[in-house]
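Residue numbering restarts at 1 for every chain, and letters A, B, ... go by the order of the sequence lines. In this text the structure is predicted, and so the values were computed from the model without any measurement.
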Number of protein chains: 2
Amino acid sequence: MPLKVRKNRGPKPPQECALTECMTIIGGAWTTNVIWSLRAGPRRFSELKIDIPPISPKVLTQRLRELEERGVISRQVKPTSPPSVEYSLTELGAELIPAIEAIVNVGYKLKHEGRMPNIQPQAAE
Amino acid sequence: MPLKVRKNRGPKPPQECALTECMTIIGGAWTTNVIWSLRAGPRRFSELKIDIPPISPKVLTQRLRELEERGVISRQVKPTSPPSVEYSLTELGAELIPAIEAIVNVGYKLKHEGRMPNIQPQAAE
DNA sequence: TATATCAAGTTTACAATAGAAACCATAATC
DNA sequence: GATTATGGTTTCTATTGTAAACTTGATATA
């Protein structure tokens, strides 16, 4: 007797899946870090680079451009010398903070309990 | 006068950053969908494939192996015929649910308000 | 005057990850 | 004997990410 596929409140077409769409916004490399860095106010390119040491300038530029295009952040050039560029969260961006906060919270909890899984490169067999 | 770098509760070394580490666990393609699908109970490979139509079997296998190695899910072979394999969340996996739920919630909110940014491939210049 | 520094990125080359499609072994059913 | 179901694997290609060097314009320093 073939096994039955059990119900699981699904499936839904992928373009209607709120989780999938939201992950498309925040899922790129370092995206959550960038948004998190902006939570307390505007921040310059070089400040973001300092907040997130492992990010390369290329990827930081990519993330900032995408987030701007999607309305999550805004970019403002300031007439300082040399001219500087400030990035800040839009209203839409601010709405993402609770979700990222929830991730940060599990992270802290797992670390403090010593239950954060070690992430080491898969042993290539 | 050179611009000052403003304080931002940081930087912290990347290996101590709870957000970065947590994103390493849930950040791979379709990872959150897999965990979300398992929230209500165990699920077989082919059921997960149905829950998440766009995922390829290759990537599904990859995600399941990684999540198992990191202690997020467990894998159990059942002596049915043909033999089937059930995946379920561990206690650690269950702790990730609130974070993913928060993402789902923003997603729903943005969709219902019609404020979900359209994700279309960047116009290649 | 020559050199160095800072901001905000580009550019190039390479590695890792993801997607698409075809394929496979076993067992049972048509 | 062919088909279906399960739980994958394999191969090829495309996209994404990493690393490191380089650029532009302006001011600051020796």
Side-chain angles (χ1 to χ4, degrees), chain A residues 1-6 14 20 23-34 37 42-68 73 75-88 119-125, chain B residues 1-6 14 20 23-34 37 42-68 73 75-88 119-125:
Chain A
M1 185 179 28
L3 299 172
K4 265 200 211 162
V5 172
R6 295 162 293 190
T20 302
M23 283 307 291
T24 304
I25 300 175
I26 66 167
W30 309 111
T31 306
T32 53
N33 298 78
V34 170
S37 262
R43 211 95 177 108
R44 282 182 283 120
F45 188 92
S46 48
E47 292 174 317
L48 291 169
K49 188 71 198 62
I50 290 169
D51 292 342
I52 314 165
I55 201 176
S56 69
K58 180 190 151 191
V59 169
L60 180 52
T61 302
Q62 268 175 23
R63 283 306 88 86
L64 292 169
R65 297 287 178 274
E66 286 168 13
L67 289 172
E68 193 190 357
I73 65 174
R75 178 181 189 272
Q76 202 184 352
V77 181
K78 298 264 165 170
T80 53
S81 82
S84 58
V85 179
E86 250 185 24
Y87 295 93
S88 41
I119 316 290
Q120 47 225 26
Q122 209 91 346
E125 182 58 25
Chain B
M1 184 177 34
L3 300 173
K4 267 201 212 163
V5 172
R6 294 162 294 190
T20 303
M23 284 306 291
T24 304
I25 300 175
I26 65 167
W30 307 112
T31 306
T32 53
N33 298 77
V34 170
S37 262
R43 211 95 178 108
R44 283 182 283 122
F45 188 93
S46 48
E47 293 174 316
L48 291 168
K49 188 72 199 60
I50 290 168
D51 292 342
I52 314 165
I55 200 175
S56 69
K58 178 192 146 188
V59 170
L60 180 52
T61 302
Q62 269 175 23
R63 283 306 88 85
L64 292 169
R65 297 286 178 274
E66 286 168 13
L67 290 172
E68 194 190 357
I73 65 174
R75 179 180 190 273
Q76 201 183 352
V77 181
K78 298 264 165 172
T80 52
S81 83
S84 59
V85 179
E86 250 184 27
Y87 295 93
S88 42
I119 315 289
Q120 47 226 26
Q122 209 89 346
E125 181 58 24

Please state whether the phosphate of [N], meaning OP1 or OP2, lies under 4.0 angstrom from any side-chain nitrogen or oxygen of [X].
X: B/S84; N: D/dT6; value: no
X: B/R63; N: D/dG8; value: no
X: A/Y87; N: C/dA7; value: no
X: A/R65; N: C/dA8; value: no

To the nearest angstrom, how far is [X] atom [atom1] from [N] atom [atom2]?
X: B/E86; N: D/dG7; atom1: CD; atom2: P; result: 9 Å
X: A/I73; N: C/dA8; atom1: CD1; atom2: P; result: 13 Å
X: A/K49; N: C/dT10; atom1: NZ; atom2: C1'; result: 15 Å
X: B/R75; N: D/dT6; atom1: CZ; atom2: C1'; result: 12 Å
X: A/L48; N: C/dA7; atom1: CG; atom2: C1'; result: 13 Å
X: A/I50; N: C/dC6; atom1: CD1; atom2: P; result: 10 Å
X: A/L60; N: C/dA7; atom1: CG; atom2: P; result: 14 Å
X: B/M23; N: D/dG17; atom1: CE; atom2: P; result: 11 Å

key: Residue pair A/Q76 / A/S88, side-chain heavy-atom distance below 4.5 Å   = no
B/F45 side chain reached by B/L64 side chain, heavy atoms, under 4.5 Å = yes
Looking at every non-hydrogen atom in both residues, tell me the closest pair between [X] and [Y] and how far apart they are.
X: A/E86; Y: A/P42; value: OE1-CB, 3.4 Å
X: B/K49; Y: B/P57; value: CE-CD, 4.0 Å
X: A/R44; Y: A/S84; value: CD-CB, 3.5 Å
X: A/T80; Y: A/P82; value: OG1-O, 2.8 Å
X: A/G28; Y: A/T31; value: O-OG1, 2.9 Å

note = Sorted by position of nearest nucleotide on DNA chain D, 5' first, the leading residue of B/F45 and A/G27 is B/F45
ask   = Does B/P83 offer a backbone N or O that forms a donor-acceptor pair with the side chain of B/S81 under 3.5 Å?
value = no
ask   = Do A/R75 side-chain atoms and A/V85 backbone N/O form a donor-acceptor pair below 3.5 Å?
value = no
All N/O pairs under 3.5 Å across the protein-nucleotides 18-21 of chain D interface:
| residue | atom | partner | partner atom | Å |
| --- | --- | --- | --- | --- |
| D/dT18 | OP2 | A/W30 | NE1 | 3.3 |
| D/dT18 | O4 | A/K58 | NZ | 2.4 |

message = What's the closest nucleotide to the side chain of B/S46 if the choices are C/dG9, D/dT9, D/dT6?
response = D/dT6
key: Side chain of A/R44 (C-beta onward), nearest among D/dG7, C/dA7, C/dG9   = C/dA7
inquiry  = Can you tell me which residue among A/L60, A/D51, A/V59, A/I26 is in a side chain to side chain contact (heavy atoms under 4.5 Å, CB included) with A/V34?
reply    = A/L60
Five-pair end axes of the helix from C/dT1-D/dA30 to C/dC30-D/dG1 and the angle they enclose, rounded to 10° = 20°
